[in-house]
Participant: 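To start, I am sharing the structure in question, which I have written as C-alpha coordinates.
Here the structure is a predicted model, which means the values were calculated and not measured.
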Amino acid sequence: MTMYKEREILIWLNSIGVTNKSIDKLNMHFSDLREILEVKNIELIRKTGINEEYIDKILKNRKKDSLQRVFYRLHENKISTITIFDDNYPESLLNIFDKPYVLYKKGEMLQTDNLAIGIVGARKSTAYGKWACEKFAAELAHMGVTIVSGLALGIDTIAHKTAVEKGGRTLAILGNGLDHIYPKRNAGLYNEIVNHGAILSEFPLGTPPLAYNFPQRNRIISGLSLGVIVIEAKEKSGSLITAYHALEQGKDIFALPGNINSIYSQGTNKLIKDGARPLLDIEDLIEEIRELQIKVSERKKERVDNSNLSDIEIKVIKTMEEGPIHCDLISYKTGIDIATVISVLTILELKGIIKELNNQRFTLS
(Lines give C-alpha, C1' and ligand atoms only; values in the text may rest on other atoms or scores of the structure.)
Protein backbone atom coordinates (compact mmCIF):
# COMPACT_ATOMS: atom_id res chain seq x y z
CA MET A 1 0.00 0.00 0.00
CA THR A 2 1.16 3.53 -0.78
CA MET A 3 3.02 5.63 1.80
CA TYR A 4 0.17 8.15 1.78
CA LYS A 5 -2.70 8.17 4.27
CA GLU A 6 -6.27 7.91 3.00
CA ARG A 7 -7.01 11.50 4.12
CA GLU A 8 -4.10 12.66 1.93
CA ILE A 9 -5.56 10.88 -1.09
CA LEU A 10 -8.84 12.64 -0.37
CA ILE A 11 -7.05 16.01 -0.33
CA TRP A 12 -5.25 15.12 -3.57
CA LEU A 13 -8.54 14.16 -5.29
CA ASN A 14 -10.09 17.43 -4.14
CA SER A 15 -7.05 19.42 -5.33
CA ILE A 16 -7.31 18.05 -8.89
CA GLY A 17 -11.01 18.91 -9.04
CA VAL A 18 -12.71 15.57 -8.41
CA THR A 19 -16.16 16.30 -6.92
CA ASN A 20 -17.60 14.88 -3.70
CA LYS A 21 -20.15 12.83 -5.68
CA SER A 22 -17.38 11.23 -7.72
CA ILE A 23 -15.37 10.56 -4.56
CA ASP A 24 -18.46 8.82 -3.16
CA LYS A 25 -18.54 6.55 -6.21
CA LEU A 26 -14.84 5.75 -5.81
CA ASN A 27 -15.44 4.97 -2.15
CA MET A 28 -18.20 2.52 -3.04
CA HIS A 29 -15.92 0.51 -5.37
CA PHE A 30 -12.62 0.68 -3.48
CA SER A 31 -12.25 -0.37 0.14
CA ASP A 32 -9.53 2.27 0.55
CA LEU A 33 -9.00 5.38 -1.60
CA ARG A 34 -5.27 4.62 -1.67
CA GLU A 35 -5.97 1.76 -4.08
CA ILE A 36 -6.66 4.36 -6.79
CA LEU A 37 -2.94 5.14 -6.96
CA GLU A 38 -1.98 1.52 -7.57
CA VAL A 39 -4.79 -0.03 -9.63
CA LYS A 40 -3.44 -0.96 -13.07
CA ASN A 41 -6.69 -2.02 -14.71
CA ILE A 42 -8.23 1.32 -15.70
CA GLU A 43 -11.55 -0.40 -16.35
CA LEU A 44 -11.90 -0.84 -12.57
CA ILE A 45 -11.95 2.95 -12.25
CA ARG A 46 -14.35 3.31 -15.19
CA LYS A 47 -16.75 0.85 -13.54
CA THR A 48 -17.23 3.30 -10.69
CA GLY A 49 -19.28 5.42 -13.09
CA ILE A 50 -17.37 8.63 -12.58
CA ASN A 51 -17.02 11.12 -15.41
CA GLU A 52 -14.31 10.36 -17.98
CA GLU A 53 -12.89 13.85 -17.32
CA TYR A 54 -12.17 12.88 -13.69
CA ILE A 55 -10.63 9.57 -14.75
CA ASP A 56 -8.21 11.49 -17.00
CA LYS A 57 -7.33 13.83 -14.12
CA ILE A 58 -6.64 10.89 -11.80
CA LEU A 59 -4.45 9.09 -14.34
CA LYS A 60 -2.47 12.22 -15.24
CA ASN A 61 -1.88 13.26 -11.62
CA ARG A 62 -1.29 10.04 -9.73
CA LYS A 63 2.47 10.23 -10.09
CA LYS A 64 4.45 10.63 -6.89
CA ASP A 65 5.76 14.09 -7.78
CA SER A 66 2.23 15.30 -8.57
CA LEU A 67 1.02 14.30 -5.11
CA GLN A 68 4.09 15.78 -3.44
CA ARG A 69 3.49 19.06 -5.25
CA VAL A 70 0.00 19.32 -3.70
CA PHE A 71 1.29 19.01 -0.15
CA TYR A 72 4.34 21.17 -0.80
CA ARG A 73 2.09 24.03 -1.95
CA LEU A 74 -0.04 23.68 1.17
CA HIS A 75 3.04 23.73 3.38
CA GLU A 76 4.50 26.68 1.45
CA ASN A 77 1.32 28.69 1.97
CA LYS A 78 1.05 27.64 5.65
CA ILE A 79 -2.33 26.06 5.04
CA SER A 80 -3.60 23.10 7.04
CA THR A 81 -6.51 20.80 6.17
CA ILE A 82 -9.47 19.17 7.86
CA THR A 83 -11.11 16.16 6.18
CA ILE A 84 -14.14 14.00 6.90
CA PHE A 85 -11.67 11.32 8.04
CA ASP A 86 -10.42 13.57 10.87
CA ASP A 87 -11.63 13.65 14.49
CA ASN A 88 -11.58 17.46 14.47
CA TYR A 89 -13.97 17.74 11.50
CA PRO A 90 -16.70 20.21 12.64
CA GLU A 91 -19.59 18.22 14.05
CA SER A 92 -22.04 20.89 12.87
CA LEU A 93 -21.15 20.10 9.23
CA LEU A 94 -21.47 16.31 9.47
CA ASN A 95 -25.20 16.20 8.77
CA ILE A 96 -25.64 19.01 6.25
CA PHE A 97 -26.48 18.25 2.63
CA ASP A 98 -23.37 17.94 0.43
CA LYS A 99 -20.96 18.44 3.31
CA PRO A 100 -17.44 19.50 2.28
CA TYR A 101 -15.05 16.54 2.33
CA VAL A 102 -11.99 18.77 2.64
CA LEU A 103 -11.60 22.15 4.31
CA TYR A 104 -8.47 24.21 3.76
CA LYS A 105 -7.64 26.35 6.78
CA LYS A 106 -5.47 29.28 7.85
CA GLY A 107 -5.66 30.06 11.55
CA GLU A 108 -7.20 27.87 14.23
CA MET A 109 -10.65 26.49 14.97
CA LEU A 110 -11.38 26.00 18.66
CA GLN A 111 -14.00 24.01 20.55
CA THR A 112 -15.60 27.32 21.53
CA ASP A 113 -16.32 27.99 17.83
CA ASN A 114 -19.19 25.52 18.12
CA LEU A 115 -21.06 28.45 19.67
CA ALA A 116 -21.31 30.47 16.45
CA ILE A 117 -23.77 32.77 14.70
CA GLY A 118 -23.64 33.62 11.00
CA ILE A 119 -23.99 37.26 9.95
CA VAL A 120 -24.50 38.04 6.26
CA GLY A 121 -25.92 40.90 4.25
CA ALA A 122 -25.63 43.38 1.43
CA ARG A 123 -22.28 44.37 -0.05
CA LYS A 124 -23.51 47.96 -0.28
CA SER A 125 -24.82 48.50 3.23
CA THR A 126 -26.65 51.59 4.47
CA ALA A 127 -25.72 53.53 7.62
CA TYR A 128 -28.61 51.75 9.35
CA GLY A 129 -27.33 48.32 8.28
CA LYS A 130 -23.78 49.17 9.36
CA TRP A 131 -24.98 50.34 12.78
CA ALA A 132 -27.12 47.22 13.30
CA CYS A 133 -24.33 44.89 12.20
CA GLU A 134 -21.85 46.51 14.58
CA LYS A 135 -24.37 46.39 17.42
CA PHE A 136 -25.22 42.69 17.14
CA ALA A 137 -21.71 41.53 16.25
CA ALA A 138 -20.30 43.41 19.27
CA GLU A 139 -22.94 42.00 21.63
CA LEU A 140 -22.32 38.47 20.38
CA ALA A 141 -18.54 38.88 20.65
CA HIS A 142 -18.91 40.08 24.26
CA MET A 143 -20.94 36.92 24.97
CA GLY A 144 -18.13 34.75 23.63
CA VAL A 145 -19.98 33.83 20.44
CA THR A 146 -17.95 33.27 17.25
CA ILE A 147 -19.07 35.28 14.20
CA VAL A 148 -19.21 33.39 10.88
CA SER A 149 -19.36 35.27 7.57
CA GLY A 150 -17.97 35.33 4.05
CA LEU A 151 -15.35 38.15 3.96
CA ALA A 152 -17.33 39.97 1.25
CA LEU A 153 -17.49 43.77 1.23
CA GLY A 154 -20.26 45.44 3.19
CA ILE A 155 -21.98 43.58 6.02
CA ASP A 156 -19.59 40.58 6.00
CA THR A 157 -16.60 42.88 6.42
CA ILE A 158 -18.26 44.84 9.23
CA ALA A 159 -19.19 41.64 11.07
CA HIS A 160 -15.63 40.26 10.92
CA LYS A 161 -14.03 43.61 11.83
CA THR A 162 -16.32 44.15 14.81
CA ALA A 163 -15.61 40.66 16.17
CA VAL A 164 -11.86 41.28 15.90
CA GLU A 165 -12.05 44.78 17.42
CA LYS A 166 -14.08 43.51 20.38
CA GLY A 167 -11.60 40.73 21.09
CA GLY A 168 -13.91 38.01 19.84
CA ARG A 169 -13.46 35.18 17.38
CA THR A 170 -14.55 34.97 13.76
CA LEU A 171 -14.53 32.46 10.89
CA ALA A 172 -14.45 33.57 7.24
CA ILE A 173 -15.65 31.13 4.58
CA LEU A 174 -14.29 31.86 1.11
CA GLY A 175 -15.54 31.02 -2.36
CA ASN A 176 -12.01 30.59 -3.72
CA GLY A 177 -8.67 29.02 -2.84
CA LEU A 178 -6.89 30.37 0.23
CA ASP A 179 -4.00 31.58 -1.91
CA HIS A 180 -6.36 34.22 -3.36
CA ILE A 181 -7.39 37.09 -1.08
CA TYR A 182 -10.75 38.27 -2.34
CA PRO A 183 -11.72 41.04 -2.26
CA LYS A 184 -8.16 42.39 -2.33
CA ARG A 185 -9.01 45.40 -0.19
CA ASN A 186 -9.69 42.97 2.68
CA ALA A 187 -6.07 41.74 2.73
CA GLY A 188 -5.44 43.37 6.12
CA LEU A 189 -8.65 41.94 7.57
CA TYR A 190 -7.76 38.50 6.14
CA ASN A 191 -4.57 38.48 8.20
CA GLU A 192 -6.33 39.75 11.33
CA ILE A 193 -8.91 36.94 11.09
CA VAL A 194 -6.10 34.37 10.92
CA ASN A 195 -5.00 35.64 14.36
CA HIS A 196 -8.55 35.78 15.79
CA GLY A 197 -10.10 32.66 14.28
CA ALA A 198 -9.74 31.02 10.89
CA ILE A 199 -10.12 31.44 7.14
CA LEU A 200 -11.75 28.37 5.58
CA SER A 201 -12.50 27.13 2.08
CA GLU A 202 -13.51 23.86 0.46
CA PHE A 203 -11.88 25.04 -2.78
CA PRO A 204 -8.29 23.93 -3.47
CA LEU A 205 -5.39 26.31 -3.98
CA GLY A 206 -5.47 28.07 -7.32
CA THR A 207 -9.29 28.31 -7.43
CA PRO A 208 -10.25 31.85 -8.51
CA PRO A 209 -13.27 33.68 -7.01
CA LEU A 210 -15.77 32.49 -9.62
CA ALA A 211 -19.35 33.72 -9.25
CA TYR A 212 -20.91 30.25 -8.95
CA ASN A 213 -18.59 29.30 -6.07
CA PHE A 214 -20.19 31.74 -3.65
CA PRO A 215 -23.72 30.28 -3.46
CA GLN A 216 -22.03 26.91 -2.86
CA ARG A 217 -19.88 28.16 0.03
CA ASN A 218 -22.94 29.73 1.72
CA ARG A 219 -24.11 26.32 2.96
CA ILE A 220 -20.90 26.13 5.02
CA ILE A 221 -21.55 29.55 6.61
CA SER A 222 -24.99 28.39 7.75
CA GLY A 223 -23.73 24.89 8.54
CA LEU A 224 -21.16 26.18 11.04
CA SER A 225 -23.71 28.50 12.68
CA LEU A 226 -26.44 27.87 15.26
CA GLY A 227 -28.47 30.56 13.53
CA VAL A 228 -28.06 33.11 10.74
CA ILE A 229 -28.65 36.86 10.90
CA VAL A 230 -29.43 38.65 7.64
CA ILE A 231 -28.75 42.36 8.15
CA GLU A 232 -29.66 43.89 4.78
CA ALA A 233 -30.36 42.21 1.45
CA LYS A 234 -31.88 43.03 -1.90
CA GLU A 235 -34.80 40.94 -3.12
CA LYS A 236 -32.41 38.72 -5.10
CA SER A 237 -29.33 38.38 -2.96
CA GLY A 238 -26.67 35.84 -2.10
CA SER A 239 -27.50 36.46 1.56
CA LEU A 240 -30.93 34.94 0.97
CA ILE A 241 -29.24 31.81 -0.37
CA THR A 242 -27.44 31.50 2.97
CA ALA A 243 -30.78 31.94 4.74
CA TYR A 244 -32.42 29.21 2.65
CA HIS A 245 -29.48 26.87 3.34
CA ALA A 246 -29.99 27.60 7.04
CA LEU A 247 -33.69 26.77 6.68
CA GLU A 248 -32.87 23.43 5.02
CA GLN A 249 -30.41 22.68 7.81
CA GLY A 250 -33.01 23.39 10.49
CA LYS A 251 -31.26 26.53 11.72
CA ASP A 252 -32.94 29.67 13.07
CA ILE A 253 -33.09 32.66 10.70
CA PHE A 254 -33.18 36.24 11.96
CA ALA A 255 -33.78 39.22 9.69
CA LEU A 256 -33.33 42.91 10.39
CA PRO A 257 -36.58 44.75 9.57
CA GLY A 258 -36.07 47.71 7.31
CA ASN A 259 -37.74 50.61 5.58
CA ILE A 260 -40.22 49.33 2.98
CA ASN A 261 -38.92 51.82 0.39
CA SER A 262 -35.27 50.69 0.74
CA ILE A 263 -34.01 48.18 -1.85
CA TYR A 264 -31.59 46.90 0.79
CA SER A 265 -34.46 45.84 3.04
CA GLN A 266 -36.60 44.11 0.42
CA GLY A 267 -34.88 40.77 1.03
CA THR A 268 -34.97 40.93 4.83
CA ASN A 269 -38.58 42.10 4.94
CA LYS A 270 -39.52 39.22 2.63
CA LEU A 271 -37.72 36.76 4.93
CA ILE A 272 -39.78 38.08 7.85
CA LYS A 273 -42.95 37.75 5.78
CA ASP A 274 -41.97 34.14 5.04
CA GLY A 275 -41.45 33.30 8.70
CA ALA A 276 -37.98 34.50 9.76
CA ARG A 277 -37.82 36.07 13.20
CA PRO A 278 -37.58 39.90 13.16
CA LEU A 279 -34.32 40.90 14.87
CA LEU A 280 -35.06 43.83 17.19
CA ASP A 281 -32.82 43.01 20.13
CA ILE A 282 -30.12 40.52 21.16
CA GLU A 283 -32.80 38.86 23.33
CA ASP A 284 -34.53 37.73 20.12
CA LEU A 285 -31.51 35.51 19.44
CA ILE A 286 -31.19 34.30 23.01
CA GLU A 287 -34.86 33.34 23.26
CA GLU A 288 -34.66 31.11 20.17
CA ILE A 289 -31.25 29.45 20.57
CA ARG A 290 -30.86 27.25 23.63
CA GLU A 291 -27.05 27.20 23.46
CA LEU A 292 -27.06 30.99 23.82
CA GLN A 293 -29.43 30.76 26.77
CA ILE A 294 -27.04 28.38 28.52
CA LYS A 295 -24.06 30.65 27.77
CA VAL A 296 -25.86 33.72 29.09
CA SER A 297 -27.02 31.89 32.21
CA GLU A 298 -23.49 30.69 32.96
CA ARG A 299 -22.13 34.23 32.70
CA LYS A 300 -24.92 35.70 34.80
CA LYS A 301 -24.46 33.08 37.52
CA GLU A 302 -20.80 34.10 37.76
CA ARG A 303 -21.80 37.74 38.28
CA VAL A 304 -24.58 37.30 40.88
CA ASP A 305 -23.44 37.98 44.44
CA ASN A 306 -25.64 35.95 46.79
CA SER A 307 -24.08 37.29 49.98
CA ASN A 308 -26.64 40.07 50.45
CA LEU A 309 -29.70 38.12 49.28
CA SER A 310 -32.36 36.36 51.32
CA ASP A 311 -33.04 32.65 50.94
CA ILE A 312 -36.28 33.36 49.07
CA GLU A 313 -34.52 35.77 46.68
CA ILE A 314 -31.84 33.15 45.93
CA LYS A 315 -34.57 30.56 45.35
CA VAL A 316 -36.28 32.83 42.78
CA ILE A 317 -32.98 33.68 41.06
CA LYS A 318 -32.12 29.98 40.62
CA THR A 319 -35.25 29.48 38.48
CA MET A 320 -33.79 31.94 35.95
CA GLU A 321 -30.43 30.20 35.55
CA GLU A 322 -31.66 28.29 32.51
CA GLY A 323 -33.01 31.41 30.79
CA PRO A 324 -36.09 33.68 30.74
CA ILE A 325 -39.07 32.41 32.75
CA HIS A 326 -42.68 33.49 33.40
CA CYS A 327 -43.58 34.56 36.95
CA ASP A 328 -46.33 31.88 37.13
CA LEU A 329 -43.73 29.20 36.36
CA ILE A 330 -41.43 30.66 39.05
CA SER A 331 -44.27 30.30 41.53
CA TYR A 332 -44.91 26.71 40.41
CA LYS A 333 -41.23 25.68 40.55
CA THR A 334 -40.50 27.29 43.93
CA GLY A 335 -43.82 26.57 45.64
CA ILE A 336 -44.03 30.24 46.62
CA ASP A 337 -47.41 31.98 46.21
CA ILE A 338 -47.64 34.29 43.21
CA ALA A 339 -48.15 37.48 45.27
CA THR A 340 -44.89 36.87 47.15
CA VAL A 341 -43.08 35.98 43.89
CA ILE A 342 -44.15 39.27 42.28
CA SER A 343 -42.99 41.18 45.37
CA VAL A 344 -39.58 39.43 45.31
CA LEU A 345 -39.24 40.04 41.56
CA THR A 346 -39.88 43.76 42.08
CA ILE A 347 -37.17 43.95 44.76
CA LEU A 348 -34.66 42.01 42.60
CA GLU A 349 -35.41 44.29 39.66
CA LEU A 350 -34.78 47.38 41.81
CA LYS A 351 -31.46 45.84 42.87
CA GLY A 352 -30.57 45.46 39.17
CA ILE A 353 -30.16 41.68 39.44
CA ILE A 354 -33.04 40.76 37.10
CA LYS A 355 -35.08 42.48 34.42
CA GLU A 356 -38.54 42.00 32.96
CA LEU A 357 -38.69 41.17 29.23
CA ASN A 358 -42.32 41.05 28.18
CA ASN A 359 -45.57 39.31 29.19
CA GLN A 360 -44.30 38.95 32.80
CA ARG A 361 -41.22 36.99 31.77
CA PHE A 362 -38.04 37.63 33.72
CA THR A 363 -34.33 37.03 33.19
CA LEU A 364 -31.05 37.73 34.99
CA SER A 365 -29.62 41.12 34.08
Participant: Test Y101 against every option in N20, D24, T83 by the side-chain hydrogen bond (donor to acceptor under 3.5 Å, both in side chains) rule and name the one that passes.
Facilitator: D24
Participant: Is the number of heavy atoms from other residues, nucleotides or ligands within 6.0 Å of CD (E91) greater than 12?
Facilitator: no
Participant: Could you go through the side-chain hydrogen bond (donor to acceptor under 3.5 Å, both in side chains) check for Y244 and N218 one step at a time?
Facilitator: CA-CA 10 Å; Y244 294 134; N218 289 349; over 6 Å; no
Participant: Drop me the distance from K57's NZ to S22's OG, to the nearest 0.5 angstrom.
Facilitator: 9.5 Å
Participant: Working note: I289 + I117, criterion side chain to side chain contact (heavy atoms under 4.5 Å, CB included); need CA distance, chi angles, decisive distance, verdict.
Facilitator: CA-CA 10 Å; I289 300 176; I117 295 292; 3.6 Å; yes
Participant: Do K105 and S80 have side-chain N/O donor and acceptor atoms under 3.5 Å apart?
Facilitator: yes
Participant: If we ignore hydrogens and angles and just use 3.5 Å, is the side chain of K106 paired with the main-chain N or O of A198 as donor and acceptor?
Facilitator: no
Participant: Under the side chain to side chain contact (heavy atoms under 4.5 Å, CB included) criterion, do V70 and L205 qualify, and how do the steps go?
Facilitator: CA-CA 9 Å; V70 169; L205 299 188; over 6 Å; no
Participant: Do V148 and D113 touch side chain to side chain, with heavy atoms closer than 4.5 Å?
Facilitator: no
Participant: Below 4.5 Å, heavy atoms only, C-beta onward: do Y54 and T19 meet side chain to side chain?
Facilitator: yes
Participant: Nearest 0.5 Å, what's the CG-OH distance between L67 and Y4?
Facilitator: 4.5 Å
Participant: Can you tell me if Q111 has over 12 outside heavy atoms packed within less than 6.0 Å of its CD?
Facilitator: no
Participant: Report, as yes or no, whether the 6.0 Å neighbourhood of atom NZ on K130 holds more than 12 heavy atoms from other residues, nucleotides or ligands.
Facilitator: no
Participant: Which atom names give the shortest non-hydrogen contact between E108 and R169, and what distance separates them?
Facilitator: O-NH2, 2.7 Å
Participant: To the nearest 0.5 Å, tell me how far S222 OG sits from I173 CD1.
Facilitator: 10.0 Å
Participant: OG/S237 to CD/Q266 distance, rounded to the nearest 0.5 angstrom?
Facilitator: 11.0 Å
Participant: Taking everything shown except R123 itself, do over 12 heavy atoms lie less than 6.0 Å from its CZ?
Facilitator: no
Participant: Would I347 end up clustered with I338 when hydrophobic side chains under 4.5 Å apart are linked, directly or stepwise?
Facilitator: no
Participant: Sort out for me which residue in I231, L240, D156, I229 forms a side-chain contact (heavy atoms from CB on, under 4.5 Å) with V120.
Facilitator: D156
Participant: Is any side-chain heavy atom of L74 closer than 4.5 Å to a side-chain heavy atom of Y104?
Facilitator: yes
Participant: For Q216, is there any backbone N or O sitting under 3.5 Å from a side-chain donor or acceptor partner on R219?
Facilitator: yes
Participant: If hydrophobic clusters are built from ILVMFWY residues whose side chains come within less than 4.5 Å, do I294 and I354 share one?
Facilitator: no
Participant: Would a distance-only check, ignoring hydrogens and angles, find a side-chain to backbone donor-acceptor pair under 3.5 Å from T157 to A152?
Facilitator: yes
Participant: In terms of side-chain geometry, is the basic nitrogen of D311 or K315 positioned less than 4.0 Å from the acidic oxygen of its partner?
Facilitator: no
Participant: Any side-chain donor-acceptor pair under 3.5 Å between S31 and E35?
Facilitator: yes
Participant: Just by modelled atom types, is the A138 backbone N or O under 3.5 Å from a matching donor or acceptor in the H142 side chain?
Facilitator: yes
Participant: Look up atom CG in N259 and atom CD in E232, then write down how far apart they are to the nearest 0.5 Å.
Facilitator: 10.5 Å
Participant: Between E134 and T162, do the side chains contain an N or O donor and an N or O acceptor separated by less than 3.5 Å?
Facilitator: no
Participant: Taking atom CZ of R46 as the centre, report whether more than 12 heavy atoms of other residues, nucleotides or ligands fall under 6.0 Å from it.
Facilitator: yes
Participant: Ignoring hydrogens and angles, state whether a donor on the side chain of T340 or D337 is under 3.5 Å from an acceptor on the partner side chain.
Facilitator: yes
Participant: Any chain of hydrophobic side-chain contacts (each under 4.5 Å) joining L33 to I42?
Facilitator: yes
Participant: So, do K21 and I50 sit near enough that their side-chain heavy atoms are less than 4.5 Å apart?
Facilitator: no
Participant: Hey, is the main chain of K5 close enough, under 3.5 Å, to the side chain of E8 for a donor-acceptor pair?
Facilitator: yes
Participant: Which atom names give the shortest non-hydrogen contact between G258 and S265, and what distance separates them?
Facilitator: CA-OG, 3.2 Å
Participant: Hydrophobic cluster membership, with links at side-chain heavy-atom distances under 4.5 Å among I/L/V/M/F/W/Y: are L174 and I220 in one?
Facilitator: yes
Participant: Hey, is the main chain of E287 close enough, under 3.5 Å, to the side chain of Q293 for a donor-acceptor pair?
Facilitator: yes
Participant: Ignoring hydrogens and angles, tell me if any N or O in the side chain of N41 forms a donor-acceptor pair with the backbone of E43 under 3.5 Å.
Facilitator: yes
Participant: In Å and rounded to the nearest 0.5 Å, what is the CG to OG distance from N114 to S225?
Facilitator: 11.5 Å
Participant: What do the steps show when you test I199 against L178 for side chain to side chain contact (heavy atoms under 4.5 Å, CB included), and what is the final call?
Facilitator: CA-CA 8 Å; I199 308 279; L178 296 192; 3.6 Å; yes
Participant: One thing to verify: whether D65 and K63 come together as a salt bridge, which I'm taking to mean a side-chain N less than 4.0 angstrom from a carboxylate O.
Facilitator: no
Participant: Is there side-chain contact between T319 and T334, with at least one heavy-atom pair below 4.5 Å?
Facilitator: yes
Participant: Using 4.0 Å as the upper bound for N to carboxylate O, is an ion pair formed by E288 and R277?
Facilitator: yes
Participant: If I compare all heavy atoms of F362 with all of E349, which pair ends up nearest, and what's the gap?
Facilitator: CE2-OE1, 4.1 Å
Participant: Checking the side chain of D86 only, and the main-chain atoms of Y89 only, is there a donor and an acceptor separated by less than 3.5 Å?
Facilitator: no
Participant: Check the surroundings of atom CG in L94: do more than 12 heavy atoms from other residues, nucleotides or ligands lie under 6.0 Å from it?
Facilitator: yes
Participant: Are L357 and L292 connected, step by step, through hydrophobic side chains (Ile, Leu, Val, Met, Phe, Trp, Tyr) whose heavy atoms are closer than 4.5 Å?
Facilitator: no
Participant: Is the side chain of W12 donor-acceptor paired with the backbone N or O of F71 at a distance under 3.5 Å, no angle test?
Facilitator: no
Participant: Would you check if T48 and M28 make a side-chain contact, meaning some heavy-atom pair closer than 4.5 Å?
Facilitator: no
Participant: Checking E192 against N195 for the side chain to side chain contact (heavy atoms under 4.5 Å, CB included) test, could you report, in this order, the C-alpha distance in whole Å, the side-chain angles of both residues, the deciding distance, and whether it holds?
Facilitator: CA-CA 5 Å; E192 284 188 283; N195 295 319; 5.8 Å; no
Participant: Would you check if M109 and I82 make a side-chain contact, meaning some heavy-atom pair closer than 4.5 Å?
Facilitator: yes
Participant: Applying salt bridge (Lys or Arg N to Asp or Glu O under 4.0 Å), can you list everything that pairs with K351, at least two apart in sequence or on another chain?
Facilitator: E313
Participant: For K135, does the NZ atom sit with more than 12 other heavy atoms under 6.0 Å from it, leaving out its own atoms?
Facilitator: yes
Participant: Would a distance-only check, ignoring hydrogens and angles, find a side-chain to backbone donor-acceptor pair under 3.5 Å from R7 to T81?
Facilitator: yes
